[in-house]
S.K.: 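Below is a structure I'd like to ask you about.
Computed over heavy atoms, backbone and side chain alike; hydrogens, waters and symmetry mates excluded.
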Amino acid sequence: MYESYEFYCLADRRFYETPANRGAAHPDFAITQRPVPDGWQHVPGEQWMHYAPDGLRLPQQGWKIHVSARLQDVERTLAAVWDYCVPRGIAFKFLRNEAVLVMTNSKAAPRGSSGKLVTIYPTDDAQLELVLKELNDVLRGVEGPYILSDLRYAEGPLFVRYGAFVSRYCLSPAGERVLAIEDVHGNLVPDHRGPTFVTPPWVQLPDFLQPHLDARNAVTTNDLAYTIDGVIQFSNGGGVYLGHHNESGDRVVLKEGRPHAGLDLAGRDAVTRIAHERDILEQLDGLDAVPKTHDYLQLGEHHFLVQEHIDSVSLQRELVRRYPLTHPDASPADKAAYAEWATAMVAKVGEAVGQLHERGVVFCDLHPDNLLLDVNGKLTLIDFEVATKAEDQARSTLAHPGYAAPQDRQGVDVDRYALACIALGVYAPQATILLNLHPGKASHLADLIAETFPVPRATLDDAVRTIVGAGTTNDLDDVAVPGKAAWADVRAALTRSIVASATPERTDRLFPGDIAQFRDGGGIGGIDLATGAAGVLYALAKTGAGRFPEYDDWLRKRAFATAAGPGLYDGLHGVAHVLDELGHRQDALDLVERTLADDWSTRELGLHSGLAGIGLNLLHFDTEPALRAQAVRVLDLVADRLEADVPELSGGQYARAGLMYGSSGPALLFLDAFERLGDTGLLDLAEVALRQDLKRTVLTEDGMRQVNQGWRTLPYLEEGSAGIALVLERYLRHRPSDELSTILDELERVTHCSYYVQPGLFMGRAGVLLTAAALGDTPLNGAVDDLVFGLGWHAMPFAGGLAYPGNQLLRLSMDLATGSAGVLLALGTAFHDAPVSLPFLGPPQWSESTSRRTAPKEV
């Protein structure tokens, strides 16, 4: 599955949707209309169209062939592959339409897998060699992007990689469940899928491929007049490198363009764009706000634009550093100082863009990451790949979604729109992405900014008029928004939108949510707790928003018709838990019974998908003797796999910390088991697990303890301070500790910030609100009202009610993890008259009244 959120924006302007439902706007390639050959199977997917002969027995892994092609060669390539493979009984798959091809080869696409149009599955090395040799002749003249994960065969569009043919899984060194291949000893190990060609150490490269590997390795940068010293960033279009001139020693930036890769909406590749950038920079030569061009050169097929190096940081990075609302308890003076700086920066950006317009150039990609500030405050604009001439009255073909002008803006109006978004965005970071969903949100953002910062409303109104036109009003005034309306009214407004979004006629999902609904081609069917129907129905029921028997029936039917895994938040255990909460006990038990056949050896330890969540739900059903025995088995497995030590960083090559994927999930499992079984050794294990997560936190300068990823720190419920705080507080109810109480107070400091980029429960404000409300008996209990009011930053109207955008803010979501149901549950935790929590995070089993300050040491 392609993991870009933009990929799931192709088919629907309101919700994330599988491109398979794209409609007439993005028709499939013509070859998909060919009849399926006799004796063949055809399986359509959201991204790929799969074809294989009946009864073909492929190996589970081996050498596969990938074919790439530029847009003008696609139809010819697909026809040639079909005509070659079908008569010979060779299995293959291809991307289903041009929109998918452009997206998977766009500048933002994953570099490792980009460029693949066709995958062919040879049965052995002999067939591999024959297919490569014969297809290379058939496809002579076809050009395509280089597939970075593969080895190129000859000079054409064919590439090879050794990897899995079928989906098998193992645990990575970081403890994550990943796709696997089998090593020489029969063990499953991770299937490397990065942007470099790597052969597994036990696999011998076929002799006929050695010359092609030698040719690949012969291409070096030794003949360049420049030495590359480091990487500034990578994109699918090529890298941006820091280097120096070999003779003068001058520091430079080298911007790479890969041929046929990094496509924009006009179908232009990175080489075309950086050549265009060179021409634009020549037109702007001499302007203070534009970098100087030093050179333009070619290495092999790759092109390089060499520019002056500017010792600077991006405006985005400086904004993040200065923005007061992401620090706890920002004062009026903090807000005033920031507003003064932000006002000056907006004016400075406007002046720089005005200089471009005077030279007849429209920037067309204006956003804070493309604006650099040096130590003296000098502003420089970078990345002129999609700049246009003002006289062309063109639109941008590659723009940041928070600053991309709508279809009706051309020429300099494209930049004026982006400037208006910057004028709002410096006070509401990333929130201007919401304007793609609803332009009228601009007026509501201006209201919130004026209430929060000492900025004249007239200044903000100028930006609003540029975005939506004159005479616009705040159409959210008629919607019950948190912090402005009563709880009952807000709950009704959220419920109205959730119900209006339901599609019971569909079998793949009931409520629109995150792109995870479509993982594995939608095999889980939109039923799970995190992003599917189970989570939405759980939130509605727990908060008193209502019961919906027809939706219960949909969930019950779909749960038994899908091939879901056993996970708590992404599989059948979560669905079983919700069905039990909704009164469908036997259905729940039947689902749990189905999970017992799963091989738990490849399951991670975490709460979301792994053993901690499975164990907690088995304990939930511990009145069933067989399930109680299985729960004890899970406890033993988790205890045996707890690491003695962990690194100090979370994520990347290391295991993640936090509630959903880190050690706090196992800690919660041990705590729940202690409350049921009374074995104090389980408390010891809970402390070990909690201290693992605490080791991966760092205390910031403003006194917040957050999960440390090295390049950023995280406060959130899923993978941050908030989730760890909930479990640590639960532990302290049983074993008070002055040391850990102090750490808990540091974790809780994140609930005193006033702005979060996303509203969702797992990775946004709602999860922090749920934490603040759940820990309301602590000294830091003044945060709830501010967190509730702040939900207005992302509030959106939908179907006469209130809705929230999901992860990345590109589309609305109704699910628990990322969208409106999660906001509903968090508000219910704060305001509902009955206890509301996520599963297993409510009052502990042994007492509903004790707190961490009064509990006995052990029970």
Side-chain angles (χ1 to χ4, degrees), residues 1-4 108-114 148-150 161-164 167-183 187-203 228-236 239-242 516 519 570 601-612 638 641-667 688-698 705-716 718-721 723-724 762-763 807:
M1 184 186 73
Y2 182 58
E3 294 290 351
S4 167
R111 298 167 60 234
S113 59
S114 181
L148 296 177
S149 61
D150 289 23
R161 184 181 84 85
Y162 187 95
S167 296
R168 294 190 288 176
Y169 295 90
C170 70
L171 293 178
S172 73
E176 305 280 352
R177 193 166 186 257
V178 296
L179 289 166
I181 54 177
E182 189 175 309
D183 69 12
N187 301 315
L188 291 178
V189 297
D191 184 7
H192 175 81
R193 297 186 176 214
T196 55
F197 174 66
V198 176
T199 302
W202 68 90
V203 173
I228 294 176
D229 301 316
V231 177
I232 297 175
Q233 69 177 40
F234 280 120
S235 76
N236 189 42
V240 180
Y241 306 97
L242 180 64
R519 62 178 174 268
D570 67 347
S601 64
T602 62
R603 292 288 160 188
E604 56 268 64
L605 295 183
L607 181 68
H608 188 278
S609 312
L611 294 177
V638 177
R641 283 171 51 186
L642 274 184
E643 296 284 343
D645 196 13
V646 295
E648 295 183 354
L649 293 180
S650 171
Q653 62 180 310
Y654 306 115
R656 285 185 278 180
L659 177 65
M660 290 295 168
Y661 303 103
S663 298
S664 292
V688 170
L690 276 167
R691 289 191 180 275
Q692 288 179 350
D693 266 1
L694 293 175
K695 184 177 179 181
R696 294 177 282 205
T697 64
V698 63
R705 183 168 294 279
Q706 299 194 47
V707 168
N708 182 18
Q709 289 193 324
W711 62 284
R712 66 173 180 175
T713 59
L714 293 178
Y716 303 115
E718 178 181 273
E719 193 178 348
S721 321
I724 299 173
F762 280 17
M763 287 294 284
N807 283 353

S.K.: Identify, with sequence neighbours excluded, every residue that meets side chain to side chain contact (heavy atoms under 4.5 Å, CB included) alongside Pro173.
M.R.: Pro190

S.K.: Scan residues 647-656 for pairs that pass salt bridge (charged side-chain N to carboxylate O under 4.0 Å, His left out), counting only residues two or more places apart or in two chains.
M.R.: Glu176-Arg656, Arg656-Glu719

S.K.: If I compare all heavy atoms of Ile181 with all of Gly163, which pair ends up nearest, and what's the gap?
M.R.: CG2-C, 3.9 Å

S.K.: Once salt bridge (Lys or Arg N to Asp or Glu O under 4.0 Å) is applied, do any residues pair with Arg161, and if so which ones, sequence neighbours excluded?
M.R.: Asp191

S.K.: Which atom names give the shortest non-hydrogen contact between Phe762 and Met660, and what distance separates them?
M.R.: CZ-CE, 3.5 Å

S.K.: Give a yes or no on whether the backbone of Ser113 and the side-chain of Ser149 come within a donor-acceptor separation of less than 3.5 Å.
M.R.: no

S.K.: Run the numbers on Val231 and Val240 for side-chain contact (heavy atoms from CB on, under 4.5 Å), then give the verdict.
M.R.: CA-CA 6 Å; Val231 177; Val240 180; over 6 Å; no

S.K.: Quick one: pull up SG in Cys170 and CZ in Arg177 and give me the separation to the nearest 0.5 Å.
M.R.: 9.5 Å

S.K.: Check Ile724 against Ser664 and note the closest heavy-atom contact, atom names and distance.
M.R.: CG1-OG, 3.4 Å

S.K.: Taking side-chain hydrogen bond (donor to acceptor under 3.5 Å, both in side chains) as the definition, give me every residue that meets it alongside Tyr654, ordered by chain and number, with sequence neighbours left out.
M.R.: none

S.K.: Between Gln692 and Val646 (side chain of the first, backbone of the second, donor and acceptor by atom type, cut-off under 3.5 Å), is there such a pair?
M.R.: no

S.K.: Restricting to side chain to side chain contact (heavy atoms under 4.5 Å, CB included), what partner residues turn up for Asp229, sequence neighbours left out?
M.R.: Thr227, His244

S.K.: If the condition is ring pair (Phe, Tyr, Trp, His ring centres under 6.0 Å), which residues does Phe197 pass it with, not counting sequence neighbours?
M.R.: none

S.K.: What closest approach, in Å, do Tyr169 and Ala180 show between heavy atoms, and which atom pair accounts for it?
M.R.: C-CB, 3.7 Å

S.K.: To check you understand the geometry: which heavy-atom pair defines the closest contact between Arg111 and Pro195, and what is its length?
M.R.: NH1-CG, 3.5 Å

S.K.: Could you list the residues that satisfy side chain to side chain contact (heavy atoms under 4.5 Å, CB included) with Arg641, not counting sequence neighbours?
M.R.: Leu171, Leu605, Leu611

S.K.: Taking only residues two or more places apart in sequence or in another chain, which ones pass side chain to side chain contact (heavy atoms under 4.5 Å, CB included) with Asp645?
M.R.: Lys695

S.K.: Closest approach of Val638 and Pro666, non-hydrogen atoms and distance?
M.R.: CG1-CB, 3.8 Å

S.K.: Tell me, please, which residues at least two apart from Arg696 pass side-chain hydrogen bond (donor to acceptor under 3.5 Å, both in side chains).
M.R.: Ser663, Asp693

S.K.: Listed by chain and number, what are the ring pair (Phe, Tyr, Trp, His ring centres under 6.0 Å) partners of Tyr661, not counting sequence neighbours?
M.R.: His608

S.K.: Can you name the side-chain hydrogen bond (donor to acceptor under 3.5 Å, both in side chains) partners of Ser114, sequence neighbours left out?
M.R.: Asn105, Asn236

S.K.: Between CG of Asn187 and CH2 of Trp202, what distance do you get to the nearest 0.5 Å?
M.R.: 9.5 Å

S.K.: Please round to the nearest 0.5 Å and tell me the distance separating atom CE of Met763 and atom CG of Leu714.
M.R.: 5.0 Å

S.K.: Roughly how far, to the nearest 0.5 Å, is the CG atom of Asp150 from the OG1 atom of Thr196?
M.R.: 10.5 Å

S.K.: Answer whether the closest heavy-atom distance between the side chains of Arg705 and Ser721 falls below 4.5 Å.
M.R.: no

S.K.: List the steps and the verdict of side-chain contact (heavy atoms from CB on, under 4.5 Å) for Asn708 and Ser650.
M.R.: CA-CA 6 Å; Asn708 182 18; Ser650 171; over 6 Å; no

